[in-house]
2 protein chains.
Amino acid sequence: MKKLSIVDIANHLNVSKTTISFILNGRAQEKRIGKELVDRVQKFVDEVGYKPNSLAKSLRTGKSNIIGLMVEDISNPFFASIARLIEDRAYKNGYKIIYCSTDNDTNKTRELISMFRDRHVDGYIIAPPEGIEDDISSLIKDGMPVVLFDRHLPKVSTDFVEIDNLFSTYNATMHLIQQGYKNIAYITFASNQTQMQDRLQGYKDALDESGLKPFIQEIVFSQNEELIMGPLNTFLKKHKNLDAVFFGTNHVGTCGLKVINSLGLKVPDDLALVSFDDYDVFKLFSPPVSAIAQPIEAIADSVITVLLNKLNTSSQHISSQSIILKTDFQIRGSSKKADKA
Amino acid sequence: MKKLSIVDIANHLNVSKTTISFILNGRAQEKRIGKELVDRVQKFVDEVGYKPNSLAKSLRTGKSNIIGLMVEDISNPFFASIARLIEDRAYKNGYKIIYCSTDNDTNKTRELISMFRDRHVDGYIIAPPEGIEDDISSLIKDGMPVVLFDRHLPKVSTDFVEIDNLFSTYNATMHLIQQGYKNIAYITFASNQTQMQDRLQGYKDALDESGLKPFIQEIVFSQNEELIMGPLNTFLKKHKNLDAVFFGTNHVGTCGLKVINSLGLKVPDDLALVSFDDYDVFKLFSPPVSAIAQPIEAIADSVITVLLNKLNTSSQHISSQSIILKTDFQIRGSSKKADKA
DNA sequence: ATGAAAGCGCTAACAC
DNA sequence: GTGTTAGCGCTTTCAT
């Protein structure tokens, strides 16, 4: 059974394909097409299960109903959860998602953007790596709806959705300080991305304000856990005087826990812990790890809402918006000073 | 700057667009097009950064270079990791991925398949829910390349990639028995999917063989963790005599750990633990949880290899293959009997 | 109120 | 070797 086209059904019904097209696109009223005809067409279409070829439609209209989603790494639970939520909302609104992981690699990202353009995606949701400013700018210049999230590009004016990174780490660091910890390290990935810089700054500000000395360890991002745990191990062994460690991301945090376990360190007695991003690993660790929970649902919701908005308003120039969401600091056993101060 | 089409560049070079098309598609040799012309075209194309419109190409050729990937839930670390790996391989071979989560919902899946068809995806990778047999069959009947994974549909003859579920649970259950545990429960999601049934059977076989009594608890699948933890809690409270629990999936396992923590049970003294699927949560729990590690890379690799194969061989009727991979049972502290038997 | 026809950008049979 | 041309299936202007 060959798939039928609009022509087939037009022929079968002895009507012009134009009319069919109008009816199928809900413009029957507007075109004053006879109600009786409309029903007849509708009925037949349902009967044979005709579906317009969306490729042809896209070619003609220039709209693909596809949204491109570019995250750092889809296997990271943070991004996976957001992707899931965005996916749901997108499908409900008639959009499909094409996604991919950038690995924070500028060239790969550039290539992917080009692929997306080529595919005529209608909109872009991107957690951008550094160095991609020009590509994003040109996307925007060409009128493509773009929403950044998790971080933004200071030199590009776009809509973006973020959390209050600086306050989050400041606040959590302050908590450690209030608990009486003095030698607090901050371990993060080496990155100039805004969210990473803001987080680092929040930590620094808190220490500064309290007259404490910062210990910062930046690790080169890698897919290979060994390459993260190695430097972490070295760092922790070298700084025996530390009494608390702040992990800048969930990935660093997880690797950190593994290293701490392998070193046989006691939490929080030997070392207190706080990590960015909250997820099961932290909740189930013994003791559970204090963590900064990002409002995943709110982020996904904001992102897709903003994008759908841009997609639906024909007007090119709505002023772009920045949405900054609050995080939720979950204080748990890993950062509570033992009673005998 | 308007995006240019093949016609523009043909005009600009005073050549027919056919010639351009041939050159761009690497058929210059075959068509004996002058090397000099080829170079000239190539140079100009590079210069202006011309990219063929893939929509038009797809419309014409019927190929979209898109693979549809349907998993149960992209935010589940197992599926997220596999998706990531498949994505990489697919991109390297010139394919993009459109993915979505089925939630094990037959109707949703049916709709998604229809969307994929409509989008003319070139191939399908599916972790199928129950009840979707007919849709898959018709896909195959129409000559679409389909690879199932994680589970299969007994009534449909397709290529699929799976692990040896039955042996995996049998083996791990035997381990518990050898450690001296007598009252071993198996907690899983209620499901008739092959992998779930096989896992359950492996457990039953082991108990049978050892003359032990099974305790089986099936939980209704849900996105909402509360709805999983509730029944779990009830079950554990009701069966105080249990000395070991086997979790049938990573999700059940994670929820199980939360419940065990909230109940204040000691692992493995109060309760020994084994779970299907290995991931960070299990590795970092105290004590670390014995787990059946699926060979993620091998699964992803097999899936995409099989699919690419089907995509590239024009022949319709290669006999379909089933690939069954081995798992790796990681024995850890959660299932070792305390020394004083 | 309905239909004819142009055209979105590309490929490939078929001429020349 | 290179160009002409007919679609792929759809939307939309314009004429009737």
Side-chain angles (χ1 to χ4, degrees), chain A residues 2-42 44-45 48-66 94 117-122 314, chain B residues 2-42 44-45 48-66 94 117-122 314:
Chain A
K2 189 77 177 56
K3 215 184 168 202
L4 12 69
S5 79
I6 196 170
V7 174
D8 299 323
I9 107 129
N11 286 341
H12 190 97
L13 260 38
N14 276 319
V15 184
S16 146
K17 61 175 180 169
T18 311
T19 311
I20 308 286
S21 173
F22 283 144
I23 294 178
L24 259 32
N25 291 325
R27 302 177 58 186
Q29 281 275 46
E30 171 192 341
K31 293 292 175 180
R32 299 168 212 224
I33 294 173
K35 169 131 184 52
E36 179 253 350
L37 212 205
V38 172
D39 287 347
R40 202 152 58 86
V41 170
Q42 207 49 271
F44 183 69
V45 162
V48 299
Y50 164 75
K51 293 264 213 160
N53 178 327
S54 44
L55 241 40
K57 196 172 193 158
S58 291
L59 179 59
R60 186 61 233 254
T61 60
K63 315 246 101 245
S64 63
N65 277 314
I66 293 187
R117 282 200 91 133
D118 177 53
R119 277 275 150 204
H120 288 207
V121 305
D122 292 344
S314 44
Chain B
K2 189 78 177 56
K3 215 184 166 202
L4 12 70
S5 79
I6 195 169
V7 175
D8 299 323
I9 106 129
N11 286 340
H12 190 96
L13 260 36
N14 275 320
V15 184
S16 146
K17 59 175 181 165
T18 310
T19 311
I20 309 286
S21 174
F22 282 144
I23 295 178
L24 261 32
N25 291 327
R27 303 177 57 185
Q29 282 276 46
E30 171 191 343
K31 292 292 173 182
R32 297 170 213 220
I33 295 173
K35 170 132 187 51
E36 179 255 352
L37 212 204
V38 172
D39 287 347
R40 201 152 57 86
V41 170
Q42 207 51 268
F44 183 69
V45 163
V48 300
Y50 163 75
K51 292 264 213 161
N53 178 328
S54 45
L55 241 40
K57 196 172 191 157
S58 291
L59 179 59
R60 186 61 239 246
T61 61
K63 315 247 100 244
S64 63
N65 276 316
I66 293 186
R117 284 199 88 134
D118 176 53
R119 278 276 150 203
H120 288 204
V121 305
D122 292 343
S314 45

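Letters A, B, ... are given to chains in the order of the sequence lines, protein chains preceding strands, and every chain is numbered from 1. Atoms considered below: every heavy atom in the structure, side chains included; atoms not considered: hydrogens, waters and symmetry mates. As the structure is a prediction and not an experimental result, all values here were calculated from the model.
Overall bending of the helix from dA1(C)-dT16(D) to dC16(C)-dG1(D), expressed as the angle between end axes built from five pairs apiece, is 50° (10° steps).
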Which side-chain N or O atoms in residues 28-36 of chain A pair as donor and acceptor under 3.5 Å with protein atoms at least two apart or in another chain?
| from | atom 1 | to | atom 2 | distance (Å) |
| --- | --- | --- | --- | --- |
| Glu30(A) | OE2 | Arg27(A) | NH2 | 3.1 |
| Lys35(A) | NZ | Asp39(A) | OD1 | 3.4 |
| Lys35(A) | NZ | Asp39(A) | OD2 | 3.3 |

Quick one: side chains of residues 15-24 of chain A, donor-acceptor pairs under 3.5 Å with protein atoms, not counting sequence neighbours, listed by atom name and distance.
| from | atom 1 | to | atom 2 | distance (Å) |
| --- | --- | --- | --- | --- |
| Ser16(A) | OG | Thr18(A) | N | 2.9 |
| Ser16(A) | OG | Thr18(A) | OG1 | 3.1 |

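Phosphate proximity of dG9(C) to Lys57(B): absent, as no side-chain N or O sits under 4.0 Å from OP1 or OP2. The phosphate of dT11(C) (OP1 or OP2) has no side-chain N or O of Thr61(B) nearer than 4.0 angstrom. Distances shown here put every side-chain N or O of Tyr50(B) at or beyond 4.0 Å from the OP1 or OP2 atom of dG9(C).
Note: Leu59(B) CG to Ser54(A) OG = 10.0 Å, rounded to the nearest 0.5 Å. Annotation: the span from His120(B) atom NE2 to Thr61(B) atom OG1 amounts to 10.0 Å, rounded to 0.5 Å. Here CG of Leu55(A) is found 12.0 Å from NZ of Lys57(A). Values are rounded to the nearest 0.5 Å.
Between the C1' atom of dG3(D) and the CD1 atom of Ile23(B) lies a distance of 13 Å, rounded to the nearest Å. Between the NZ atom of Lys63(B) and the P atom of dA12(C) there is a distance of 12 Å, rounded to whole Å. Following rounding to the nearest Å, Leu59(B) (CG) and dG7(C) (P) show an atom-to-atom distance of 17 Å. To the nearest angstrom, C1' of dT11(D) lies 5 Å from CZ of Arg60(A). Spacing between atom CD1 of Ile20(B) and atom P of dG9(C) amounts to 16 Å, rounded to whole angstrom units. Residue Leu55(A) contributes atom CG, which lies 9 Å from atom C1' of dG9(D) at whole-angstrom precision.
Counting any heavy atom pair closer than 4.0 Å across all strands shown, Ser21(A) reaches a base atom.
Listed by chain and residue number, Val7(A) satisfy the side chain to side chain contact (heavy atoms under 4.5 Å, CB included) test with Asn11(A) (two or more places apart in sequence, or in another chain). Taking Arg117(B) as the reference, Asp142(B) meet the salt bridge (charged side-chain N to carboxylate O under 4.0 Å, His left out) condition, with sequence neighbours excluded. Under the rule for a side-chain hydrogen bond (donor to acceptor under 3.5 Å, both in side chains), the partners of Asp122(A) that lie at least two apart in sequence or sit in another chain are Ser64(A). Partners of Lys51(B) by salt bridge (charged side-chain N to carboxylate O under 4.0 Å, His left out), not counting sequence neighbours: none found.
Against DNA chain D, the stretch residues 6-17 of chain A makes heavy-atom approaches under 4.0 Å through Ile6(A), Lys17(A). The stretch residues 24-34 of chain A comes close to DNA chain D through Asn25(A), Arg27(A), each having a heavy atom under 4.0 Å from the strand.
Contact check for Ile66(B) versus Arg119(A): side-chain heavy atoms found under the 4.5 Å cut-off. You'll find the side chain of Val41(B) reaches within 4.5 Å of the side chain of Leu37(B), heavy atoms only.
In terms of polar N and O atoms assigned as donor or acceptor, the side chain of Thr18(A) never comes within less than 3.5 Å of the base of dT11(D) in a complementary pairing.
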